[in-house]
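Report on one structure; see the data block that follows.
Since the structure is predicted, the reported quantities are computational estimates derived from the model, not experimental observations. Position 1 is the first residue of the sequence, and the numbers go up from there.
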Amino acid sequence: MVTPARARALEPAPTRYWILHVVRAVILAAVGLFITFSRDHSPHLGLIAFGAFALVSGIVIGTLSVRLVDDAPTRRLVIAQAVVSIAAGTIALALQTTGLGTLLLTVSIWAGLTGVLELYAGYRLARRSTLSRDFLIAGGLTALLAIVFVLLPPDFQQTDGGMDNVPLTLTSSVIAVGVFGAYAAVMAVFLAIGGLSIKWQKADDEASTEEPA
């Protein structure tokens, strides 16, 4: 538990960091919406959606972090996440026709590595910056995604009655792609709120300093 004195001692999140949060949120929201409104939850679509997301986010976030993240160790961790994302995205797109096993393996490795890196970044800043909470929550959600993909049996299949007496088959592929879409949507909302909170907090601080004593 953080005491009031310790909470006051924490540094506010770097002002420009809100841009990284919001950019990540936009990319995640795009892939989340794409999966949500797609009727195809095949491994092929999952690999394309994940691959495009990982490659684009890795390039964009890695490039922006060079200019927007002042703390050198944190910047290196963000760049490391970007490198992992670029590699995973490239592999997913190159192997997009290889099936469910590739989807489960690629996403689980990506989520495990980037989740641990983000959790470590949050741990490093835990006693110094309010930004640590955002890192820890985002890292925890990503690590949870890795666990789900590792535990998901590749041969799962269940058929229910469905609607209008049309059988509905739930497979590992449908679950995997759906879970990734849900992860993207939740992360998009969380990062958008976090980014705008940083921006608005800075605006409030500036307004308070301009008020006459």
*Same cluster (ILVMFWY, side-chain, under 4.5 Å), V56 and I59*: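 Different hydrophobic clusters.
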*Do W110 and M187 belong together in a cluster built from hydrophobic side chains that touch within less than 4.5 Å?*
yes
*Is it true that a side-chain atom of S132 and a backbone atom of R124 form a donor plus acceptor pair closer than 3.5 Å?*
no
*Ignoring hydrogens and geometry, is there a side-chain-to-backbone donor-acceptor pair from S172 to P153 under 3.5 Å?*
yes
_Heavy-atom side-chain contact between V179 and L152 under 4.5 Å_ = no
*Heavy-atom distance under 4.5 Å between the side chains of V177 and F50, does that happen here?*
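Sidechains of F50 and V177: no contact.
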*asked:* Under the rule for ring-ring contact (aromatic ring centres under 6.0 Å, His included), what residues qualify as partners of F149, not counting sequence neighbours?
replied: none
*Could you verify whether a donor N or O on one side chain and an acceptor N or O on the other, from S42 and D40, lie under 3.5 Å apart?*
yes
*Which pair of non-hydrogen atoms, one from A88 and one from T106, has the smallest distance, and what is that distance?*
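Scanning both residues completely, I find the closest heavy atoms to be O-CG2, 3.7 Å.
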[X] [atom1] to [Y] [atom2] distance, which is reported to the nearest 0.5 Å:
X    : Y    : atom1 : atom2 : value
I147 : T142 : CD1   : OG1   : 11.0 Å
L141 : E118 : CG    : CD    : 9.5 Å
D134 : L191 : CG    : CG    : 7.5 Å

*Aromatic ring centroids of F34 and F53 under 6.0 Å?*
no
